[in-house]
Enquirer: 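Structure incoming, see below.
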Amino acid sequence: QVQLVESGGGLVQAGGSLRLSCAASGRTFSNYVMGWFRQAPGKEREFVAAISPSGGVTRYSDSVKGRFTISRDNAKNTVSLQMGNLQPDDTAVYYCAAKVGVYTSNYERDFGSWGQGTQVTVSS
């Protein structure tokens with residue numbers, strides 16, 4: 001498995017931006033689809049975005065499409081999530097996840113490696 005460590009969470013006002021990063025180690029990073037999920041208090045974890053191993057294919061949930069951008073740097077073994085126009089509903093713990101293979105997925109069960117999560121809080 002690949003080990004994942006997220007960073008970049010914090011407190012931001014509505015309308016603001018944050019950039020999350022996830023550093024991977026332990027396996028060949030470019031063999032993995034990378035994804036971001038989030039879990040709000042009292043809710044189930046949900047898909048946010050995913051990116052193919054080459055970075056050429058991305059997928060977003062409808063709730064973040066047009067506001068968030070996922071990207072990766074295979075030379076640095078990192079994946080990032082640039083979040084813009086944040087709203088209080090975006091408040092959640094954000095998790096980085098890795099999936100072996102080339103096809104992106106929005107299903108939590110497809111991702112075998114997970115980070116510990118980073119808190120994002122958006123104030124109104």
Enquirer: Please give me the minimum heavy-atom distance between S105 and D110, naming the atom from each residue.
Expert: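 Smallest interatomic distance, heavy atoms only, reads OG-OD2, 2.6 Å.
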Enquirer: Strictly distance-based, threshold 3.5 Å: is any side-chain N or O of R59 a donor or acceptor partner for the main-chain N or O of A50?
Expert: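 Not at all, since once roles are kept as given, no pair shorter than 3.5 Å links the two residues.
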Enquirer: With sequence neighbours left out, which residue pairs that include part of residues 45-56 fulfil the salt bridge (charged side-chain N to carboxylate O under 4.0 Å, His left out) condition?
Expert: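 Sorted pair list: R38-E46, R45-E108.
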Enquirer: Measuring from C96:SG to E6:CD, what's the distance to the nearest 0.5 Å?
Expert: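 It is 5.5 Å, given to the nearest 0.5 Å.
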Enquirer: To the nearest 0.5 Å, what is the distance between CE (M34) and CG (N74)?
Expert: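 Between atom CE of M34 and atom CG of N74 there are 10.0 Å.
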Enquirer: Mind listing the closest non-hydrogen atom pair of A98 and L4 along with its distance?
Expert: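 Where A98 meets L4 most closely, the heavy atoms are N-CD1, 3.8 Å.
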Enquirer: State the OG1-CG distance between T118 and L81, to the nearest 0.5 angstrom.
Expert: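 Output value for this atom pair is 11.0 Å.
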Enquirer: Counting C-beta onward and ignoring hydrogens, is there a side-chain heavy-atom pair between V122 and Q13 closer than 4.5 Å?
Expert: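 The answer is no, as the side chains (C-beta and beyond) never meet within the 4.5 Å cut-off.
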Enquirer: In Å and rounded to the nearest 0.5 Å, what is the CG to OG1 distance from D73 to T78?
Expert: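 The OG1 atom of T78 is 4.5 Å from CG of D73, to the nearest 0.5 Å.
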Enquirer: Side-chain contact, heavy-atom cut-off 4.5 Å: S17 with M83?
Expert: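 No - every pair of side-chain heavy atoms lies 4.5 Å or more apart.
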Enquirer: Can a side-chain donor-acceptor contact be found between S63 and S61 if the only test is distance below 3.5 angstrom?
Expert: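 Yes, a side-chain donor-acceptor pair sits under 3.5 Å.
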Enquirer: Could you note down all residue pairs passing salt bridge (charged side-chain N to carboxylate O under 4.0 Å, His left out) where residues 62-72 supplies at least one of them, sequence neighbours left out?
Expert: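 The answer is D62-K65, R67-D90.
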Enquirer: Give a yes or no on whether the backbone of G112 and the side-chain of Q1 come within a donor-acceptor separation of less than 3.5 Å.
Expert: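 At least one qualifying donor-acceptor pair exists.
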Enquirer: Flag the pair P53 / V33 as yes when at least one side-chain heavy-atom distance between them is below 4.5 Å, and no otherwise.
Expert: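 Heavy-atom side-chain distance check passes, below 4.5 Å.
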Enquirer: Do I51 and L20 belong together in a cluster built from hydrophobic side chains that touch within less than 4.5 Å?
Expert: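 Linked within one cluster.
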Enquirer: Hey, quick one: are V2 and V100 part of the same hydrophobic cluster, counting side-chain heavy atoms closer than 4.5 Å, chains of contacts allowed?
Expert: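 Same hydrophobic cluster.
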Enquirer: Begin with the C-alpha distance, continue with both residues' side-chain angles, and end with the deciding distance and a verdict on side chain to side chain contact (heavy atoms under 4.5 Å, CB included) for Y95 and Q116.
Expert: CA-CA 7 Å; Y95 297 90; Q116 82 289 351; over 6 Å; no
Enquirer: Would Q3 and S113 count as a side chain to side chain contact (heavy atoms under 4.5 Å, CB included) if you check the C-alpha gap in whole Å, the side-chain angles of each, and the deciding distance to 0.1 Å?
Expert: CA-CA 7 Å; Q3 287 75 50; S113 299; over 6 Å; no
Enquirer: Minimum heavy-atom separation for G56 to S52, with atom names?
Expert: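 Taking G56 first and S52 second, the nearest heavy atoms are N-OG, 3.3 Å.
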Enquirer: Pick from T121, L86, T91: which one makes a side-chain contact (heavy atoms from CB on, under 4.5 Å) with V12?
Expert: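 It is L86; the other options fail the test.
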Enquirer: State, to 0.1 Å, how close A14 and S124 come at their nearest heavy-atom pair, and which atoms those are.
Expert: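 Looks like CB-CA, 4.3 Å.
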Enquirer: How would you list all residue pairs meeting ring pair (Phe, Tyr, Trp, His ring centres under 6.0 Å) that involve residues 27-74, not counting sequence neighbours?
Expert: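 Listed once each, the pairs are F37-F47, F37-F111, F37-W114.
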Enquirer: Could you walk me through whether V79 and I70 pass the side chain to side chain contact (heavy atoms under 4.5 Å, CB included) test, one step at a time?
Expert: CA-CA 7 Å; V79 60; I70 189 171; 3.9 Å; yes
Enquirer: Show, in sequence, the C-alpha distance, side-chain angles and deciding distance for K76 and S21, and conclude whether the side chain to side chain contact (heavy atoms under 4.5 Å, CB included) test is met.
Expert: CA-CA 11 Å; K76 296 182 178 179; S21 293; over 6 Å; no
